Engineer: 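What follows is a single structure, and I will ask about it in a moment.
Chain A is the first sequence line, chain B the second, and so forth, proteins listed ahead of strands; every chain is numbered from 1. Just so we're clear, the structure is a prediction, and the values are computed from it rather than from any experiment.
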There are 2 protein chains.
Amino acid sequence: MPTIRDVAQHAGVSMKSVSRVLNGEAHVRPQLRDRVMAAVEALDFRPNLAARQLAGHKSFIIAYPFNNPSAAYITEILMGAARTCRDHGYHLVSEPVELDDQMLPVIERLITTLRPDGMILTPPLCDMPAVVEHVARFKVPLVRIAGGLDLYGESIVIDDRTISRAMVAHLMEKGHRRIGFVLPHPEHALAQRRFRGYLDGLAEAGIEPEPALIQPGRFDLESGAQAAAALLDLPLPPTAIFASNDDMALGALRVAHSRGLSVPDDLAIAGFDDSPASRLAYPALTTVRQPTQLLGAAAATILLGGALDPAAIKHELLIRGSTAKLAG
Amino acid sequence: MPTIRDVAQHAGVSMKSVSRVLNGEAHVRPQLRDRVMAAVEALDFRPNLAARQLAGHKSFIIAYPFNNPSAAYITEILMGAARTCRDHGYHLVSEPVELDDQMLPVIERLITTLRPDGMILTPPLCDMPAVVEHVARFKVPLVRIAGGLDLYGESIVIDDRTISRAMVAHLMEKGHRRIGFVLPHPEHALAQRRFRGYLDGLAEAGIEPEPALIQPGRFDLESGAQAAAALLDLPLPPTAIFASNDDMALGALRVAHSRGLSVPDDLAIAGFDDSPASRLAYPALTTVRQPTQLLGAAAATILLGGALDPAAIKHELLIRGSTAKLAG
DNA sequence: TTGAAAGCGCTAACAC
DNA sequence: GTGTTAGCGCTTTCAA
């Protein structure tokens, strides 16, 4: 493997000049630049990351420790962020983290051995004060995605509230007046936002929220099924159920199926997330698509010093079979 | 941040001794070892990866470039491999790769800048000769998971064939004699194995395979739905459909639902992979669980020079609602 | 079993 | 604008 020294000799310039060209520094005459590039090509030179890291006190690494809320979410974030990193000569190092007593040590090891130039955190890690403070202590630039706003680091927040309201409006359009809601896992920062959106939607139609129509959830199929069962057992059951994520909506769908209710004829069901399973279900679930890859890309962009267009980060309502019929 | 030099001074030994202790080299007197460790503790010393890489010509990095067949699969491999890496002081760097003209350059950049000590490849990348040969050219130790056997690198193969046969046997036990099969994507190395298992299962019961009952598939919901439609349109349709992955089985489930067929009463459906959606479907899909995390861990173990117990890598039949009824 | 010296391949700081 | 020098923090080699 050729080194910078070889390139410098081949081009008849100093090592520093080669370094300058390679790093795109200013004040380099085009002529010298060309000579260096020619030598780089000729020798098929590849800079050694380790040497750059050591000498330059930069790692060219963004770390993404994650705890697995959903495989689809993780990979989308990963892909968005990794691609952005790659375009800037950076690398993304992702590392699974358990929510046990090894959590902090693992993150600490990630920071102290890799010395990443930045870090991305998603729920639930991004909302755990112990984790965020740990990162803050090492002064690693941090971007938190979809978390609360009151901790160290930049936040990328998405407007769950507005889109939740839009979903309720969609159900209203379909003629639904009694809309059950399955709450998000209470420990997620987005819980408030999605619930508020539901209330907004009702308010917009001049409908009073009804406590019995609002059921707790924990983001898993089981809790969705339980909530749906409770809703359908009501003396006056809802004609539509809006679950605040897809897994819970699929739980509701399962209950409907097992009770012989036809979806969407007897009951409309809507979810949130556009999970792969929501597409594969029968009927396919009406849901909300989050621009997850974009979120990952945006996080990386921020860390790499780029500008971000917050307007680009928009939810999208995906109307599918599970809410395709008019109520009544 | 303290350096080895600081630790050496603090302990009153040479830098080399500290290095020896840290790397667990032999020929170190316990007494010296203890003194060094005490200094490490006292100073909260963390070795700098970049410096170790540069001086030691080792990167402590395993690379995992992947193309996204399924998010669940990717994250499981990732988690298994990353955890093993971590336990050995290594890091896993994963990188999404598109199947376009950037594919080879991206992989090359991954190799030449990171200089990984090993690489893991999963389908479809692990079966693409261009990719594997590229890796071979750089002499990066490679482990391929679930691929063919005729390329550079170690292979971790799993016995799809035996478990496919077991699935057919299960359906036979339920009284099914006409079992439709939806073939895997033909470009995957596992295609032959899963199909053979189906044939084995029939042969075991003394049943001749019937060409009309064997439909092509491409691993996506659409192709599964098409195959199921074709099977159900047969003059003598099957009473069970075994799709060679879950997405296609869910396509079959969708067709059954939309035709008003009850699953499993009118039609049994089985899949392969234990995807999240297979658990969330109604009825839940009978399927095959692959020990995906173990595969990732095994791949890392091999690269890190560990021994592997091939017997540990076993499929598991998951009997769920979609095949719960006796045929007839 | 331990230590001293040299150097991994690059960039920072400074001089010119 | 370009070159020179001196390291970055560790491991290797070789000597003791």
Side-chain angles (χ1 to χ4, degrees), chain A residues 1-40 43-61 89-91 109 111-117, chain B residues 1-40 43-61 89-91 109 111-117:
Chain A
M1 277 266 157
T3 71
I4 274 208
R5 166 172 267 114
D6 301 324
V7 175
Q9 255 161 18
H10 190 105
V13 299
S14 73
M15 281 172 57
K16 180 59 202 173
S17 292
V18 177
S19 174
R20 266 194 273 261
V21 170
L22 258 29
N23 289 296
E25 287 176 34
H27 312 304
V28 180
R29 230 185 294 255
Q31 182 193 5
L32 190 150
R33 215 196 85 86
D34 292 345
R35 265 206 297 164
V36 169
M37 289 313 285
V40 166
L43 300 179
D44 195 25
F45 167 76
R46 319 301 177 98
N48 180 318
L49 221 214
R52 299 183 74 198
Q53 292 172 325
L54 186 58
H57 304 280
K58 275 178 74 178
S59 65
F60 302 95
I61 282 176
Y90 271 67
H91 287 273
R109 204 184 71 95
I111 294 176
T112 53
T113 71
L114 254 34
R115 318 277 164 104
D117 295 334
Chain B
M1 278 266 158
T3 70
I4 274 208
R5 165 171 266 114
D6 301 323
V7 175
Q9 253 160 21
H10 190 105
V13 299
S14 73
M15 281 172 57
K16 177 62 202 171
S17 291
V18 177
S19 174
R20 264 194 275 262
V21 170
L22 258 29
N23 290 296
E25 288 176 33
H27 312 303
V28 180
R29 233 183 292 254
Q31 183 192 5
L32 190 150
R33 213 196 86 87
D34 292 345
R35 266 206 298 165
V36 170
M37 289 313 285
V40 166
L43 300 179
D44 195 25
F45 167 76
R46 317 300 176 99
N48 180 318
L49 221 214
R52 298 183 74 197
Q53 292 173 326
L54 186 58
H57 304 280
K58 276 179 74 179
S59 65
F60 303 94
I61 283 176
Y90 271 66
H91 287 274
R109 205 184 70 95
I111 294 176
T112 53
T113 69
L114 252 35
R115 318 276 164 105
D117 295 335

Engineer: So which atom in B:Ala11 and which in B:Ala39 form the shortest heavy-atom distance, rounded to 0.1 Å?
Structural biologist: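 Scanning both residues completely, I find the closest heavy atoms to be CB-CB, 3.8 Å.
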
Engineer: Whole angstroms only, please: what is the NZ-C1' distance between A:Lys58 and D:dG9?
Structural biologist: 19 Å

Engineer: With a 4.0 Å cutoff (strictly under), does any side-chain N or O of B:Asn23 reach OP1 or OP2 of D:dT11?
Structural biologist: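 Checking D:dT11 against B:Asn23, a side-chain N or O does come within under 4.0 Å of OP1 or OP2.
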
Engineer: Are the side chain of B:Asp6 and the backbone N or O of B:Pro2 linked by a donor-acceptor pair below 3.5 Å?
Structural biologist: no

Engineer: Find the distance between NE2 (B:His91) and CG (B:Asp117) and round it off to the nearest 0.5 Å.
Structural biologist: 12.0 Å

Engineer: If you measure from OG on A:Ser59 to CG on A:Leu54, what distance do you get to the nearest 0.5 Å?
Structural biologist: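 Interatomic distance, A:Ser59 OG to A:Leu54 CG, rounded to 0.5 Å: 12.0 Å.
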
Engineer: For B:Glu25 and D:dT11, give me the distance from atom CD to atom P, rounded to whole Å.
Structural biologist: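 Distance check: B:Glu25 CD to D:dT11 P gives 8 Å.
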
Engineer: Can you check the B:His57 NE2 to D:dC10 C1' distance for me, whole Å?
Structural biologist: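 Rounding to the nearest Å, NE2 of B:His57 and C1' of D:dC10 are 11 Å apart.
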
Engineer: Does A:Arg5 place a side-chain N or O at less than 4.0 Å from the phosphate oxygens OP1/OP2 of C:dG9?
Structural biologist: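 For A:Arg5, the contact criterion (side-chain N or O under 4.0 Å from OP1 or OP2 of C:dG9) is not met.
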
Engineer: Output the single nucleotide from C:dC10, D:dG1, C:dG3 whose closest atom is nearest the side chain of B:Ser17.
Structural biologist: C:dG3

Engineer: A:Lys16 has an atom NZ; how far is it from atom P of C:dA15, in whole Å?
Structural biologist: 15 Å

Engineer: Give the rounded distance in Å between these two atoms: CG of B:Leu114 and P of C:dG9.
Structural biologist: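 My rounded result for the distance is 16 Å.
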
Engineer: Using a heavy-atom cut-off of 4.0 Å across all strands, would you classify B:Leu54 as base, sugar-phosphate, or nothing?
Structural biologist: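 The residue B:Leu54 makes base contact.
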
Engineer: Provide, to the nearest angstrom, the distance between the CZ atom belonging to B:Arg20 and the P atom belonging to D:dT12.
Structural biologist: 11 Å

Engineer: Any side-chain N or O of B:Ser14 less than 4.0 Å from the OP1 or OP2 oxygen of C:dT2?
Structural biologist: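 Looking at the OP1 and OP2 atoms of C:dT2, neither is under 4.0 Å from any side-chain N or O of B:Ser14.
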
Engineer: Between B:Gly12 and B:Ala55, name the one whose nearest nucleotide on DNA chain C is closer to the 5' end.
Structural biologist: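 So the residue in question is B:Gly12.
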
Engineer: Rounding to a whole Å, what distance do you find between A:Arg115:CZ and D:dC8:P?
Structural biologist: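 So the CZ-P distance, A:Arg115 to D:dC8, works out to 14 Å.
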
Engineer: Examine distances only and state if a side-chain atom of A:Thr113 and a backbone atom of A:Arg109 form a donor-acceptor pair shorter than 3.5 Å.
Structural biologist: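 Present.
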
Engineer: Closest to the A:Met15 side chain: D:dC10, C:dT11, C:dT2?
Structural biologist: C:dT11

Engineer: Looking at D:dC10, D:dT2, C:dC10, which one has an atom nearest to any side-chain atom of A:Thr3?
Structural biologist: C:dC10

Engineer: Can you tell me the distance, in whole Å, between the CZ atom of B:Arg52 and the P atom of D:dC8?
Structural biologist: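 The distance from CZ of B:Arg52 to P of D:dC8 comes to 19 Å, rounded to the nearest Å.
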
